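Accompanying notes for the structure given below.
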Amino acid sequence: MVNTSVTLCGLPMDNPIIPASGTFGFGYEFADWYDINLLGTFSFKGTTREPRYGNPTPRIAETASGMLNSVGLQNPGVHAVIAEELPRLKKVFHKPVMANVSGFSEEDYVYTCQLLDKEPQVGWLEVNISCPNVHNGGMSFGTLPESAMAITKAVKAVTTKPVIMKLSPNVTDIASIAKACEEGGADGISLINTLMGMRLDLKKRKPLLANVTGGMSGPAVFPVALRMVWQVYNAVSIPIVGLGGVSSAEDVIEMMLAGATAVQVGAANLVDPYACKTILEDLPRVMEQLKIDSLSEIIGGAH
Amino acid sequence: MVNTSVTLCGLPMDNPIIPASGTFGFGYEFADWYDINLLGTFSFKGTTREPRYGNPTPRIAETASGMLNSVGLQNPGVHAVIAEELPRLKKVFHKPVMANVSGFSEEDYVYTCQLLDKEPQVGWLEVNISCPNVHNGGMSFGTLPESAMAITKAVKAVTTKPVIMKLSPNVTDIASIAKACEEGGADGISLINTLMGMRLDLKKRKPLLANVTGGMSGPAVFPVALRMVWQVYNAVSIPIVGLGGVSSAEDVIEMMLAGATAVQVGAANLVDPYACKTILEDLPRVMEQLKIDSLSEIIGGAH
Amino acid sequence: MKKSIFTLRSQNEIAPRTFELVLNGDTDDLDKPGQFVNIRIQGYYLRRPISVCNVTPGRLTLIYKVVGSGTEVLSRMTVGDELELLTGLGNGYDLTAAGDCPLLIGGGAGVPPMYLLARKLAEAGKRLTVILGFNTAAEVFYEDKFKALGAKVLITTVDGSAGIKGFVTNAMEGLDYSYFYTCGPGPMLKAVYDSSATEGQFSFEERMGCGFGACVGCTCETKYGNKRICRDGPVLVKEEIKW
Amino acid sequence: MKKSIFTLRSQNEIAPRTFELVLNGDTDDLDKPGQFVNIRIQGYYLRRPISVCNVTPGRLTLIYKVVGSGTEVLSRMTVGDELELLTGLGNGYDLTAAGDCPLLIGGGAGVPPMYLLARKLAEAGKRLTVILGFNTAAEVFYEDKFKALGAKVLITTVDGSAGIKGFVTNAMEGLDYSYFYTCGPGPMLKAVYDSSATEGQFSFEERMGCGFGACVGCTCETKYGNKRICRDGPVLVKEEIKW
């Protein structure tokens with residue numbers, strides 16, 4: 001019998017599999033497909049202080065082995081998330097959930113995190129300082145060590161639960177940003193958010209996305225994500241949540257060997273609603289093939 | 001009859017198709033497959049002051065819709081390039097060639113560019129400040145506006161031919177680097193070099209590449225390349241050579257609509273030696289379908 | 001909603017670049033007109049959503065137009081090939097609002113979902129009028145199939161090479177109907193909205209990520225808040241639509 | 001060097017996860033033992049290089065082991081399927097150095113290229129000794145085929161379940177030969193290098209980008225400078241090798 005359990009920032013998880021924010025809604029959509037309590041946890045849709053419609057459509061484009069999205073943080077706002085989404089989730093999911101938070105100012109982050117920190121259903125706060133699809137905010141916090149540290153400190157000052165900072169890959173030096181978050185008191189780092197890309201409509205001679213650029217995800221970005229997890233593992237001593245193109249049990253193990261304590265699965269959920277379930281079913285067999293008894297023992301094992 | 005001709009930094013080209021440096025050797029290998037005079041030009045293997053063996057093998061790994069390489073600028077050195085490679089090339093290629101240059105110091109770049117600038121076969125100097133596979137140099141020049149400008153100025157001071165600066169995508173703000181090159185006197189910008197990535201060997205639990213990380217190329221990176229060409233087109237007024245995952249005539253047109261005056265084809269040459277020939281054969285048909293009479297008229301047409 | 005494997009039974013080009021694809025598989029979740037399936041195509045990351053044209057137990061008919069390299073690959077598939085589908089996606093049309101003599105209006109790629117709808121309404125004993133809009137005579141398909149259901153069929157073509165010259169709205173003038181259902185390109189839907197005399201239901205298209213409500217890629221604003229075209233739609237009622 | 005389409009004629013699993021693939025196509029550029037082809041596999045970016053096991057006009061035989069998902073896909077292809085190959089890659093073995101009684105040493109995935117070499121040498125009237133090394137008896141293949149060429153065949157297995165227990169070098173002890181040719185995993189080649197009594201030729205493996213000399217991904221150092229395994233190799237002579 002193989003052991004898939006891991007501990008992320010002090011909280012035990014049955015397995016390291018976490019559907020990524022923005023690909024799993026508030027969970028109950030996927031409960032129509034399978035029992036989502038099989039998962040380690042999931043990270044819910046990026047939540048902001050105020051409700052957001054997001055960007056105009058089209059918001060989706062295809063790429064080679066991947067996709068672009070420019071959803072732009074559509075969400076009902078933190079108050080509706082607490083009043084409506086969490087109670088609905090409670091009926092179908094009985095584990096601590098990862099609360100994903102975005103903002104446009106330090107105060108936004110503080111406000112939203114403070115509220116979600118008090119919710120008993122929330123196990124971790126994942127603070128997204130890396131959304132490429134919103135102007136004046138989001139990603140800009142994640143591209144400078146100073147602002148990354150400032151947001152981390154501000155959120156840590158008002159919360160009690162583990163704070164995981166979610167980083168952008170669209171930077172020159174990912175390790176310096178991760179280190180700044182660690183110095184600011186972060187309990188963990190998750191990476192990567194999407195790579196900024198775009199596509200054109202050749203007939204219309206215009207960008208395919210109404211927002212012009214979007215975030216690229218899917219297997220295409222996996223090698224970049226793996227490289228950054230590797231670099232951040234060398235730079236910090238807090239746990240890392242690895243994500244970016246993960247689509248199979250083998251990818252999960254590759255991410256963990258590079259340094260991830262837990263692994264998020266994003267775009268794969270969108271092209272196959274059973275993606276995470278399949279990964280969980282495949283994991284024991286792949287672990288046995290690779291002579292892995294316990295997943296927690298391989299974290300960073302390729303260094 | 002459609003018109004595929006373009007002018008790159010003052011030099012006319014029959015068409016905008018340029019095999020990218022590192023995927024086309026010094027040209028004559030491909031002359032075994034087809035008449036390489038069909039091409040607009042090609043960019044020869046990155047040349048340094050001294051001969052280089054490059055990195056240990058394995059240097060190649062596969063990714064979803066792409067590949068990693070960590071060749072690390074293997075080349076015979078500028079003196080052997082001038083004494084042996086260019087004369088051999090002269091027999092099979094009768095157009096101005098693009099001379100790709102790398103270095104580990106400002107003096108290296110100056111030395112190598114000065115020599116190649118004097119070669120009558122050379123039409124353009126492409127100065128690579130973005131190789132991800134060499135330590136202490138290459139990419140580091142391309143990740144800061146100041147050093148990018150310094151190299152540009154130093155090379156421009158000793159050369160007469162158009163200087164095209166080749167940029168790394170592994171940066172937070174590609175536009176600022178491009179602008180610095182323009183201010184330094186660059187005649188053009190080429191982008192993107194490879195995205196830094198890695199893969200692991202799950203059985204050995206070690207990186208697949210002996211150099212640990214490598215540069216990712218192939219269709220997977222096309223949307224990132226297109227986005228950066230778009231951003232740089234908005235930032236500078238010198239011509240752009242677009243590259244990164246280009247594999248078809250449609251991709252060429254997409255790059256040109258985003259702002260590229262000419263288009264390099266890289267990894268595609270490695271998986272299909274006829275890639276550029278096929279693109280050239282397809283271009284007139286695709287242009288007609290899209291109602292394009294002249295390629296030079298669509299440059300930046302999607303802005 | 002289900003994920004399952006279908007087997008290609010037949011594929012025919014019924015109009016230029018327009019293919020009728022008949023699949024065998026599990027159709028349990030496919031009974032509602034106006035729903036769609038999402039097809040995985042080898043070599044392409046995102047699935048291709050295609051609306052259901054007809055369904056009988058174990059047999060699914062889809063009609064699609066080749067618009068890119070993904071549908072091009074689909075069009076080259078042959079008898080016996082297997083396809084992985086997500087089925088039972090979308091809300092579908094509400095038939096209870098039809099009244100006695102509903103009007104169905106399909107334009108181009110919006111014609112196929114009208115067929116299953118017409119069949120169900122005919123089975124319910126309704127007197128049907130169907131308007132099918134195309135660009136030109138060569139593109140016309142399924143006219144006889146709709147007639148075989150007992151519907152009064154009006155064809156429109158932009159160039160006048162078949163039926164009434166002009167748009168579907170030209171054929172709507174002077175018609176008497178209890179309710180309407182429509183599917184087609186955005187500008188056509190807007191024109192139908194402006195020309196229609198009764199309440200009705202509209203099926204929308206949008207670029208989708210997942211097709212089952214997870215990614216919110218295909219959101220639109222309605223008078224009653226944001227709706228996901230893939231899950232809360234693709235059918236919206238006239239009254240809630242914001243243009 | 002050529003790029004052309006081959007059609008799958010047969011495929012058989014001749015040992016666990018080891019497949020013999022017979023293709024029909026243009027073999028004009030495929031006559032030299034020790035060369036390889038580079039196969040495009042649907043869904044994978046890089047081609048898979050596989051050494052030529054045998055060739056007759058219009059018919060090519062390859063033997064490969066399933067080592068990952070790319071070769072897994074290849075192993076599931078069936079009669080009539082088409083494959084795009086680059087053929088005539090690599091320098092191949094030089095037969096003129098063989099002498100009267102050459103020794104051929106193949107280990108595991110290095111056995112297949114020994115077959116065409118043995119056939120050509122046999123046709124040239126040489127007295128052949130062939131050593132074939134495997135891990136265990138179940139993995140042994142082509143023993144009879146080599147015997148049918150008139151070669152003296154020695155089998156070695158690491159676990160001793162067939163032939164001589166141990167490595168190919170155990171079988172080399174005491175043998176008399178004029179020259180040798182070898183192909184197999186790196187450690188085996190090094191052991192052969194150290195144990196061999198004559199000059200010889202070694203065929204190397206390396207991860208390749210293109211397979212035809214463009215990307216210099218597979219460079220190795222030799223006593224006479226850098227060589228590309230794919231183009232200047234895969235065969236190197238004993239004398240130039242640096243370990």
Side-chain angles (χ1 to χ4, degrees), chain A residues 61-68 132 139-140 142-144 168-174 177 195-207 212-214 216 218-231 245 247 250 253-255 257-258 286 289-292 298 301-303, chain B residues 61-68 132 139-140 142-144 168-174 177 195-207 212-214 216 218-231 245 247 250 253-255 257-258 286 289-292 298 301-303:
Chain A
E62 191 175 49
T63 70
S65 296
M67 60 180 286
L68 297 172
M139 192 163 87
S140 61
T143 57
L144 289 172
S168 167
N170 302 293
V171 297
T172 307
D173 183 3
I174 191 75
I177 316 274
L195 269 174
M196 201 175 157
M198 71 181 288
R199 291 300 307 273
L200 299 178
D201 182 323
L202 294 183
K203 281 175 198 152
K204 295 185 185 157
R205 302 193 191 177
K206 284 289 162 199
V212 181
T213 59
M216 185 160 86
V221 309
F222 179 75
V224 174
L226 193 85
R227 182 260 295 182
M228 289 190 167
V229 167
W230 177 277
Q231 290 175 319
S247 313
E250 286 84 354
I253 288 168
E254 200 167 332
M255 271 289 181
L257 286 169
V286 176
Q289 278 169 4
L290 296 169
K291 303 184 175 62
I292 298 167
I298 66 163
H303 285 260
Chain B
E62 191 175 50
T63 70
S65 296
M67 60 181 284
L68 297 172
M139 193 162 88
S140 62
T143 57
L144 289 171
S168 167
N170 303 294
V171 296
T172 307
D173 183 3
I174 192 74
I177 316 273
L195 269 174
M196 201 173 155
M198 71 182 286
R199 291 300 307 275
L200 299 178
D201 183 322
L202 294 183
K203 280 175 201 154
K204 296 184 186 158
R205 302 191 191 179
K206 284 290 161 197
V212 181
T213 59
M216 185 162 84
V221 310
F222 180 74
V224 175
L226 194 85
R227 182 262 294 183
M228 289 192 166
V229 167
W230 176 277
Q231 290 176 318
S247 312
E250 285 84 355
I253 290 168
E254 199 166 333
M255 271 289 180
L257 286 169
V286 176
Q289 279 168 4
L290 295 169
K291 302 185 177 60
I292 297 167
I298 66 163
H303 285 259

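Here the structure is a predicted model, which means the values were calculated and not measured. All heavy atoms count here, side chains included; hydrogens, waters and symmetry mates do not. Labels below follow one simple rule: chain letters A, B, ... track the order of the sequence lines, proteins then strands, and each chain is numbered from 1.
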| said: For A:Arg199, give me all partners under salt bridge (Lys or Arg N to Asp or Glu O under 4.0 Å), at least two apart in sequence or on another chain. | reply: B:Glu254

| request: Would you please name every residue forming a side-chain contact (heavy atoms from CB on, under 4.5 Å) with B:Ala258, sequence neighbours left out? | output: A:Leu200, B:Leu226, B:Val229, B:Trp230

| field | Side chain, backbone, both or neither of A:Glu250 within contact of chain B (heavy atoms, under 4.5 Å) | value | both

| query | To the nearest 0.5 Å, what is the distance between NZ (B:Lys203) and NZ (A:Lys291)? | reply | 9.0 Å

| Rounded distance [0.5 Å steps], CG in A:Asp201 versus CG in B:Leu257 | 10.0 Å

| task | Flag the one option from A:Val224, A:Val212, A:Thr63, A:Leu202 with the top tally of heavy-atom pairs under 4.5 Å to chain B. | result | A:Leu202

| Does any heavy atom of chain B fall under 4.5 Å from the side chain of A:Ile298, the backbone, both, or neither of them? | side chain

| remark: Correct closest heavy-atom pair for B:Ala302 and A:Lys206 would be O-NZ, 3.5 Å

| B:Arg227 side chain to A:Met196 main-chain N or O, any donor-acceptor pair under 3.5 Å? | yes

| task | State the CG-CG distance between A:Asp173 and B:Asn170, to the nearest 0.5 angstrom. | result | 11.5 Å

